[in-house]
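Worth knowing before you read on, the calculation uses all heavy atoms, side chains too, and leaves out hydrogens, waters and symmetry mates. Keep in mind that what you see is a predicted model, and the values were worked out from it rather than measured.
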Amino acid sequence: MATDLDGTVVREDGTVSARVVAAFAAAERLGARVVFVTGRPPRLIHEIAPAFGHHGVAICSNGALVYDLGGRRVVEENAIPPEVLGEAAARLRAAIPGIGIAVEYAGTLAADDLYEPWDWDRGITPRRMADHELFGRPGPKLLGRHPTLSADELLALAAPELAPIVTVYHSNGSRLIEAIAAGVSKASALMSYAAGLGIGAGEVIAFGDMPNDLPMLAWAGTSYGMANGHADVLAAVDHVIGSIDEDGVALELERLAAAVG
C-alpha cells in the first residue's frame, strides 16, 4: 500500500487524523506493507512519523531518495548530476525570467539570491551560493520559485524546456516547480522497492492527490485519487474517494478490510 502524504493523509495544518492512523495499523495487521511516497525531503518526514511509528521506509523527494525511518538514514539516492543541474537552471532562467533557483538535499537547502523560502523550507536557512558552488555537486532535487506565476503556469513554461534532461513536475507548492533526475519518479522508486519484496504492480494500491503522484498512480494495480485532488489526478485514477477532510483514505481502507474479513 503506497500513499502520498500531504493532501492525502496529512492535513493542511500538518496533522494526521486518529482514524487514518488506526486504518493504517489495521492494514498492517492484515499483512499489508505500507510505504510513504512523498515529495518531502527526509528532514520533513519526522514531523509526521510519530503518528505512524518510526519504522519502515519512506520514498522521499519524489523518488530521488529512499529513507530508512528507523535508522534515520538515506539508503538510496538518485541525484541530478552537477552538469545537468547547471543546464536545467540555465534553461529555467531563460524561459522564466525572475525565477529563483534552489537545490534541495536530504537535510539542507542551497539557493541563489532570488530564491524565496516558503513553508516547505521551514526549519532551515538556505545557504546562498554562487552558481559554481550551487551546481558543483549532485543534488536530489532542483527547485524553482517565481514571485507571481502559479505552479500550473510555471509547469507549462518549464516542461518543454526541461523534459529532455530532468523530470519536472509540481506538487502544488506555492509558485513552485520541482525537478528530479530524468527517469526518476515516485513510480520508479516504488517499483524498485516493491520488486525487492517480490511484489508486482497488480498487488499494489496507491493513494494520491497531485500531479507528481500521477506516475505512481499509473503504475499501481489500483489507484485512488482524493476528492480534493488536482483535476489531472481525478481524471486518471481508477477510483475517486472522499477528501482528506473526510478521511477518504481511512474510509477506503476500512472498506477493503471489511471485504477481506
Side-chain angles (χ1 to χ4, degrees), residues 6 38-44 59-66 74 76-189 210-216 230 232:
D6 297 284
T38 178
R40 290 186 181 217
R43 64 181 175 80
L44 294 180
I59 294 170
C60 298
S61 300
N62 285 289
L65 299 169
V66 180
V74 173
E76 183 178 330
E77 178 173 326
N78 299 291
I80 305 171
E83 64 276 10
V84 179
L85 281 173
E87 175 64 20
R91 294 187 184 197
L92 274 178
R93 288 165 173 164
I96 312 171
I99 195 167
I101 302 293
V103 181
E104 184 180 81
Y105 301 93
T108 61
L109 185 72
D112 66 10
D113 289 337
L114 289 179
Y115 181 79
E116 174 193 354
W118 185 64
D119 183 56
W120 291 126
D121 306 321
R122 61 188 176 273
I124 58 171
T125 300
R127 294 174 296 148
R128 302 293 177 176
M129 294 182 174
D131 283 0
H132 72 277
E133 295 178 289
L134 188 57
F135 311 127
R137 65 184 177 110
K141 189 193 289 186
L142 182 70
L143 306 177
R145 191 185 309 284
H146 193 270
T148 59
L149 296 176
S150 71
D152 280 333
E153 291 170 327
L154 288 172
L155 186 60
L157 292 170
E161 303 298 326
L162 297 187
I165 59 171
V166 292
T167 300
V168 61
Y169 57 90
H170 83 71
S171 53
N172 209 34
S174 179
R175 299 173 282 109
L176 182 75
I177 52 171
E178 306 164 69
I180 50 181
V184 175
S185 67
K186 287 188 173 187
S188 68
M210 281 294 142
N212 62 319
D213 295 319
L214 286 169
M216 172 180 73
H230 194 282
D232 290 349

### Message
For Ile124, give me all partners under side chain to side chain contact (heavy atoms under 4.5 Å, CB included), at least two apart in sequence or on another chain.
### Response
Arg43, Leu109

### Query
Has the side chain of Asn212 got a donor or acceptor atom that lies under 3.5 Å from a matching backbone atom of Tyr169?
no

### Query
Any donor-acceptor pair under 3.5 Å linking the side chain of Lys141 with the backbone of Asn62?
no

### Query
In chain order, what residues pass the side chain to side chain contact (heavy atoms under 4.5 Å, CB included) check against Leu149, with sequence neighbours excluded?
Ile96, His146, Glu153, Leu154, Leu157

What pairs of donor and acceptor atoms, side-chain ones from residues 180-188 against any protein atom, are under 3.5 angstrom apart with sequence neighbours left out?
unit_1: Ser185; atom_1: OG; unit_2: Ala187; atom_2: N; d: 3.1
unit_1: Ser185; atom_1: OG; unit_2: Ser188; atom_2: N; d: 3.1
unit_1: Lys186; atom_1: NZ; unit_2: Asp4; atom_2: OD1; d: 3.0
unit_1: Lys186; atom_1: NZ; unit_2: Val37; atom_2: O; d: 3.0
unit_1: Lys186; atom_1: NZ; unit_2: Asp213; atom_2: OD1; d: 2.5
unit_1: Ser188; atom_1: OG; unit_2: Ser185; atom_2: N; d: 2.9
unit_1: Ser188; atom_1: OG; unit_2: Ser185; atom_2: O; d: 3.0

### Query
Does some side-chain heavy atom of Trp118 sit less than 4.5 Å from a side-chain heavy atom of Leu143?
no

### Message
Taking the side chain as everything from C-beta on, heavy atoms only, tell me whether Val166 gets closer than 4.5 Å to Leu142.
### Response
no

### Query
Which residue, Val74, Ile59, Asn78, forms the side-chain contact (heavy atoms from CB on, under 4.5 Å) with Leu65?
Val74

### Task
Kindly compute the distance separating CD1 (Ile177) from OG (Ser150), expressed to the nearest 0.5 Å.
10.5 Å

### Query
So, are Glu116 and Arg175 salt-bridged, with charged N and O less than 4.0 Å apart?
yes

### Query
Which atom names give the shortest non-hydrogen contact between Leu134 and Tyr105, and what distance separates them?
O-OH, 4.2 Å

### Query
Does any non-hydrogen side-chain atom of Leu114 lie less than 4.5 Å from one of Arg93?
no

### Query
Between Ser61 and Pro41, is any pair of side-chain heavy atoms under 4.5 Å apart?
yes

Using a 3.5 Å cut-off and no angle test, enumerate the donor-acceptor pairs between side-chain atoms of residues 85-92 and protein atoms at least two apart in sequence or in another chain.
unit_1: Glu87; atom_1: OE2; unit_2: Arg91; atom_2: NE; d: 2.8
unit_1: Arg91; atom_1: NH1; unit_2: Glu161; atom_2: O; d: 2.8

### Task
Decide yes or no on side chain to side chain contact (heavy atoms under 4.5 Å, CB included) for His230 and Asp152, but give the supporting numbers first.
CA-CA 11 Å; His230 194 282; Asp152 280 333; 3.4 Å; yes

### Summary
side chain to side chain contact (heavy atoms under 4.5 Å, CB included) filter on Ala111, not counting sequence neighbours, yields Ala102, Tyr115, Pro126, Arg128

### Arg145: salt bridge (charged side-chain N to carboxylate O under 4.0 Å, His left out) partners, not counting sequence neighbours
Asp121

